[in-house]
2 protein chains.
Amino acid sequence: MTSQQVRASARGRPEVTSHGAIEQAAFALFAERGFAGTTLNAIAERVGVGRRTLFRYYQSKNDIPWGQFDRTLDHFRALLDQQPDDVPVHAGVHRAVVEFNRFPSGARPSHRERMRLILTTPELQAHSVLRYAEWRRVIAEHVARRTGAQPDDLMPQVAGHVSLALSLAAYEAWLAHPEETHADGLLDLIDRAMTGLRTYLEA
Amino acid sequence: MTSQQVRASARGRPEVTSHGAIEQAAFALFAERGFAGTTLNAIAERVGVGRRTLFRYYQSKNDIPWGQFDRTLDHFRALLDQQPDDVPVHAGVHRAVVEFNRFPSGARPSHRERMRLILTTPELQAHSVLRYAEWRRVIAEHVARRTGAQPDDLMPQVAGHVSLALSLAAYEAWLAHPEETHADGLLDLIDRAMTGLRTYLEA
DNA sequence: AGATTTATTGCCCTTGGTGCCATTAATGTG
DNA sequence: CACATTAATGGCACCAAGGGCAATAAATCT
């Protein structure tokens with residue numbers, strides 16, 4: 001990936017590795033031996049760094065596959081904010097969600113590789129809820145602002161939960177058929193999940 | 001709770017404890033020291049049993065708060081099956097979901113206590129996804145059967161995911177205001193989550 | 001009583017994760 | 001250049017969850 005947090009000043013001992021380097025090493029090992037079969041020691045060794053140092057870059061082993069997800073949340077917030085006021089709230093949210101999932105194709109590990117690992121590995125599936133919670137919060141806050149409610153009120157929360165539900169269903173479908181390597185299939189599936197919900201509720 | 005799996009025969013050494021006894025001890029400790037602050041050793045000690053034995057009753061520490069959730073899934077399946085054919089699929093699912101959450105009030109630990117722990121403790125929040133997956137599967141299978149689709153198709157999956165989304169939003173709201181100790185508030189909130197979704201999508 | 005069955009539990013080991021802190025490698029200042 | 005300062009590295013000791021294994025205990029069956 002690009003790089004790590006821009007350090008405030010160049011003083012002190014420079015960082016000896018980067019998030020990107022760690023992720024590359026980690027994903028290579030995950031592919032070889034699986035997630036559970038890869039120890040932090042093995043990753044540290046391959047990166048050429050002490051095990052203890054890994055914890056300065058990631059809070060836990062489970063956090064490695066997510067990379068710097070938290071950074072992307074600012075982007076998501078911006079996407080929501082730039083939705084025009086004259087479209088219905090739900091439509092704006094939906095559009096922002098779709099846009100949010102448009103990922104650059106050059107990334108390593110690829111978005112698909114990341115998500116495949118995350119959504120197929122039970123430990124990671126579980127751990128991801130904590131990431132999702134922050135993401136949902138962003139939606140709840142947006143919906144609350146647009147509707148004059150509080151973020152913790154039922155409707156904003158429902159909007160967050162349901163948006164996540166649709167995204168997850170779309171991701172699982174995306175990963176299910178192996179042909180669709182390009183991200184377009186994913187965005188399309190998010191749309192289809194939404195229309196799926198509408199027909200489900202109307203039928 | 002009532003008891004453990006009915007043993008096939010009465011042969012062999014009898015079980016020295018029960019799921020119920022373990023849960024009681026565990027919840028007492030969780031209340032005292034918190035979930036993370038309670039070691040399996042402490043639980044084993046209070047139950048009066050070896051630590052190793054706990055693993056014969058629960059797969060992991062995280063599984064203790066859920067009790068025998070898997071058992072209730074059969075009940076859920078039955079609730080879905082008994083929905084009349086002439087109501088729309090989504091309505092039947094919704095009704096079954098509501099009914100599923102009507103819990104006996106005499107249980108120890110109480111349903112509310114359980115859910116409060118589960119939904120407030122990050123480790124448990126995460127772990128619960130795995131439980132939810134089975135629950136969602138039940139819905140997806142039902143919807144698939146009723147609509148002539150496959151359980152892994154997009155719409156049934158969306159139905160499962162969205163039903164879960166509504167339930168979680170309702171549970172969180174339920175736990176948010178402390179007055180509503182009786183389960184009725186919960187069932188009502190599930191209804192309100194559903195109408196919340198409808199107004200969100202129509203506005 | 002002895003064979004059989006089944007649950008308990010202790011022992012040992014691996015792994016993730018944390019606290020602590022000495023060490024290292026850079027930049028700044030006199 | 002020497003030396004203070006700053007900040008990252010990584011070793012060490014330790015804890016807790018979890019799993020494999022095997023000995024043992026407590027019941028029933030013949």
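Within every chain, numbering begins at 1; the chains are lettered A, B, ... in the order of the sequence lines, protein sequences first and strands thereafter.
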Produce the list of close N/O pairs, under 3.5 Å, pairing protein atoms with atoms of nucleotides 22-30 of chain D; give distances to one decimal.
unit_1	atom_1	unit_2	atom_2	d
dA25(D)	O4'	Arg13(B)	NH1	3.4

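- In this model, no donor atom of one side chain and acceptor atom of the other lie less than 3.5 Å apart for His111(A) and Asn101(A).
- Side-chain contact check for Tyr57(B) and Gln68(B): no donor-acceptor pair (N or O, by modelled atom type) lies under 3.5 Å.
- Arg52(B) pairs by the salt bridge (Lys or Arg N to Asp or Glu O under 4.0 Å) definition with nothing, not counting sequence neighbours.
- The separation between Gln59(B) atom CD and dG19(D) atom P is 8 Å, rounded to whole Å.
- Applying a 4.0 Å cut-off to non-hydrogen atoms, none of the residues of residues 31-40 of chain A approaches DNA chain D.
- Between Glu172(A) and His161(B), the side chains place a donor N or O and an acceptor N or O closer than 3.5 Å (distance only, hydrogens not considered).
- The side-chain heavy atoms of Thr72(B) and Trp135(B), taken from C-beta on, include no pair separated by under 4.5 Å.
- Because its NZ or CZ atom is both nearer than 6.0 Å to the ring centre of Trp174(A) and within 45° of the ring axis, Arg112(A) counts as a cation-pi partner of that residue.
- Checked by distance alone, Arg52(B) brings a side-chain donor or acceptor within 3.5 Å of a matching partner on the base of dG20(D).
- The phosphate of dA17(D) has neither OP1 nor OP2 within less than 4.0 Å of any side-chain N or O from Ser60(B).
- For the atom pair Leu130(A) CG and Gln59(A) CD, the distance stands at 10.0 Å (nearest 0.5 Å).
- For dT9(D), the OP1/OP2 oxygens have a side-chain nitrogen or oxygen of Tyr57(A) closer than 4.0 Å.
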Inset, instruction - Please step through side-chain contact (heavy atoms from CB on, under 4.5 Å) for the pair Arg137(A) and Asp152(A), ending with a clear verdict. - result: CA-CA 9 Å; Arg137(A) 181 85 198 164; Asp152(A) 285 315; 3.2 Å; yes
